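In what follows, a structure is listed as structure tokens, so that the remarks can point back to it.
When a residue number appears, it is its place in the shown sequence, counting from 1. In what follows, every heavy atom counts, from backbone to side chain, and hydrogens, waters and symmetry copies are set aside. These numbers come from a predicted model, not from an experiment.
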Amino acid sequence: MDADDLGASQWDDVATPRTERARSLSPAASPPLNELMSPPPPAEEEPVEELHGVTNGDQHEHPEEVPVEESTATYATVSASASRARALRMARSRKSSLPAGAIPPESTHGLTSPTLFEDIDPTSNPLGPIKDDTPEATEEEEEGDGVDEIPEEYANERGLQSAAESARAAAQAAADPGASWMAQQPASGSGKYIPVEQAANPTFSIAVGDPTKIGELTGAHTVYTVRTRTTSKAFRYSDFTVTRRYKDFRWVYHQLTNNNPGIIVPAPPEKQAFARFDESFVEGRRAALEKMLTKITQHPVLQRDADLKLFLESDTLNSDIKIRERLQAAQNEAKGGGLMETIGGAFTIGGKFVETDEWFVDKRAYIEALDLQLRALARALDTVIVERKELADMTSDFATALSTLGEVELSRPLASAIAGLSEIEQRIRDLHERQGLQDMLTLGDTIDEYVRLIESIKTTFQQRQKSYLSWQVAEHEYSKKQQYLARAMRNGKTAPERVGLMQEEVSEYERRLYTHRVGYDDICKTIKAEFDRFQKEKVDDFRASVETYLESAVESQKEAIEMWETYYERQGFAQA
């Protein structure tokens, strides 16, 4: 009889004899429980009757088998290894003994330790003493690295593997309390072990680059190369590259927003109808898309979204999106409305959302004020950038005029000085253009990013309102069904079958009501946690942007001063 044939859910089969099978083999009545739990009397000269299909005439020597008498209950003959396998499964199923998947390191070799199986007495067990077939460890093994081997016969049992792994982790933690526990599962395809922290918090490095114009006229669009490097084992490779259009970025944004209600999803830059292929615009959009993906992959929830995984690594994104949309449509149709009808009904009963949480009242007012301030700052910065561009153009005109004057000047020293001044003005013009672009890519992009994030925050507030209205609709429907049921039970004229169906319907609406109420509470908690995260990231991002903006301004001024000083010295004005 194999170990798997013994079952995994009847603990009494290990500690007590199988009385039902004993009655089928022996005409004698089953003895009392105290007699069953006592060791069986030694067999005399009668043949041993086994449960392995062996007849009375066959004689085999099995030191672990127990003889059977007709005057007492017949005991099932089970090998020690099978008994140990069953006992292990019993211990894993008993939550009061140990946490799931954890076995103390000291009991990994001695799997039959009475510490784990105090219900089994090796001397009084009807199956006989459980023999430990595991060979004794040598001195070299005892002084080794402490790796616990799993017996070959149980190599495919995942429970035993995880138990041994937990034992090794516990031994490492006991040896070095300050060290982090290590994940003992090998990385897919690598055969290496990775830290638990790295497995739980994978790193991502996203680079969006190589913008290329595809097509002509109305069908023209820009394609970006998205390169991802990650330690996440959810992806097939650690380094891969795909090409994506702007509409693909908008698709993944909407999918993440719908899949994760209450979470603030970084949004892509807005559409632009004109000058879509201008170099400065394309570079600004590229940087914004890269920052968007970086923020998304840094989020502990969004980085595990299936649609994000599809976006980052699929080579056939458009066909995969169509397949997924067809599957979702089929699933919604299979549901037959049901819960979706209840949610849709939130807008048909004239319900109105009334804010009662002071936290949301304050944060909504703060978001509205912040939105106005950021938009005003963005307009002011745009004005500065435009003025820099105009200043660069005027400086270029001034340099051209100086160059023309230098060509007609008869005095060679004066002509040389004017030509040098023209060259300096041209370099100053380049400096103004570069400074305007730098302002747009640092402080300007950060302002635009947080204007879009504010829109995402407003979207989460709207999701909360929809969740609240859905809860109210579910509560209204549940109350109505309760009234119908109470009326039917008071009248006493409704058939019992109909009353039973109504009761089941009331229970179903009660479950929906509970689901909507819990969903509303969850989205409130999620928004509050996300808002705290938004505040911290806002401070860090604006601080970094302002520092970069100031450093760029200082470097530009230093470069301009150095150019003027060099020109001053070369012309020998200091000597004069």
Side-chain angles (χ1 to χ4, degrees), residues 208-209 211-213 220-222 224 246 249-250 266-292 295 367-404 421-456 538 541-564 567:
V208 178
T212 305
K213 182 181 177 181
H221 59 274
T222 304
Y224 302 89
Y246 169 73
F249 289 88
R250 294 191 63 84
E270 297 295 332
K271 293 181 179 180
Q272 181 165 326
F274 304 100
R276 293 185 297 123
F277 303 104
D278 184 73
E279 183 179 356
S280 60
F281 171 77
V282 171
E283 174 60 23
R285 172 175 281 187
R286 182 209 63 78
L289 294 175
E290 180 176 291
K291 184 174 290 187
M292 164 196 164
K295 284 289 187 71
I367 285 298
E368 294 293 341
L370 181 62
D371 189 17
L372 293 176
Q373 293 171 0
L374 288 180
R375 291 183 184 274
L377 181 60
R379 289 193 297 269
L381 184 61
D382 288 342
T383 302
V384 171
I385 293 175
V386 170
E387 293 293 336
R388 286 188 188 278
K389 181 69 169 61
E390 293 179 356
L391 178 60
D393 293 339
M394 289 185 291
T395 304
S396 178
D397 294 341
F398 179 53
T400 302
L402 287 174
S403 178
T404 303
L421 181 60
S422 173
E423 181 182 356
I424 292 297
E425 290 295 340
Q426 287 289 355
R427 295 174 63 184
I428 293 296
R429 189 264 308 180
D430 296 338
L431 190 62
H432 286 318
E433 287 186 348
R434 189 166 65 250
Q435 182 64 35
L437 181 61
Q438 187 71 21
D439 293 345
M440 182 187 69
L441 295 179
T442 54
L443 192 57
D445 280 356
T446 302
I447 294 172
D448 292 340
E449 176 190 359
Y450 275 86
V451 168
R452 298 193 302 270
L453 280 175
I454 287 175
E455 293 300 320
S456 297
K538 176 170 66 67
D541 289 343
F542 269 92
R543 180 183 180 86
S545 297
V546 170
E547 288 180 355
T548 305
Y549 175 82
L550 295 177
E551 290 173 358
S552 174
V554 170
E555 292 298 326
S556 297
Q557 295 300 321
K558 286 182 178 180
E559 185 176 352
I561 292 173
E562 184 178 356
M563 286 189 294
W564 286 117
Y567 171 74

Identify each donor-acceptor pair in which a side-chain atom of residues 422-433 lies under 3.5 Å from a protein atom, sequence neighbours left out, and give them as a table.
residue, atom, partner, partner atom, Å
Ser422, OG, Ala399, O, 2.6
Gln426, OE1, Arg429, NH2, 3.3

Heavy-atom closest pair, residues [X] and [Y]:
X      : Y      : value
Leu453 : Pro266 : CD2-CA, 3.7 Å
Asp445 : Gly284 : OD2-O, 4.3 Å
Tyr246 : Pro268 : CE1-CB, 4.5 Å
Leu421 : Trp564 : CD1-CZ3, 3.6 Å
Leu374 : Ile447 : O-CG2, 3.4 Å
Pro269 : Leu289 : CD-CD2, 3.5 Å

Salt bridge (Lys or Arg N to Asp or Glu O under 4.0 Å) against Asp382, all qualifying residues, sequence neighbours excluded: none
Pairing residues for Arg276 by the salt bridge (Lys or Arg N to Asp or Glu O under 4.0 Å) criterion, not counting sequence neighbours: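 Arg276: no salt bridge (Lys or Arg N to Asp or Glu O under 4.0 Å) contacts found.
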Check against side-chain contact (heavy atoms from CB on, under 4.5 Å), Arg250 and Lys271: CA-CA 10 Å; Arg250 294 191 63 84; Lys271 293 181 179 180; 4.0 Å; yes
From Tyr549 atom OH to Gln435 atom CD, the distance as rounded to the nearest 0.5 Å: 7.0 Å
Inter- and intrachain pairs under salt bridge (charged side-chain N to carboxylate O under 4.0 Å, His left out), touching residues 279-288, at least two apart: Glu283-Arg286, Arg286-Glu290
Pairs involving residues 388-400, ordered by first then second residue, that meet salt bridge (charged side-chain N to carboxylate O under 4.0 Å, His left out) (sequence neighbours left out): Arg388-Asp439, Lys389-Asp393
Within-4.5 Å side-chain heavy-atom neighbours: Thr446 and Thr442: no
Within-4.5 Å side-chain heavy-atom neighbours: Arg375 and Asp371: yes
From CA spacing to verdict: side-chain contact (heavy atoms from CB on, under 4.5 Å), Leu381, Leu377: CA-CA 6 Å; Leu381 184 61; Leu377 181 60; 5.5 Å; no
Test log, rule side-chain contact (heavy atoms from CB on, under 4.5 Å), inputs Glu270 and Glu455: CA-CA 12 Å; Glu270 297 295 332; Glu455 293 300 320; 5.8 Å; no
Listed partners of Arg543 passing side-chain contact (heavy atoms from CB on, under 4.5 Å), at least two apart: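 Glu547.
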Parallel, tilted or perpendicular: rings of Tyr450 and Phe542 (30°, 60°): tilted
Note: Asp541-Lys295 ion pair, threshold 4.0 Å (strictly below): yes
Backbone N/O of Ser552 and side chain of Ser556: donor-acceptor pair under 3.5 Å: yes
Exam field: side chain Ser396 to backbone Ala392, donor-acceptor pair closer than 3.5 Å: no
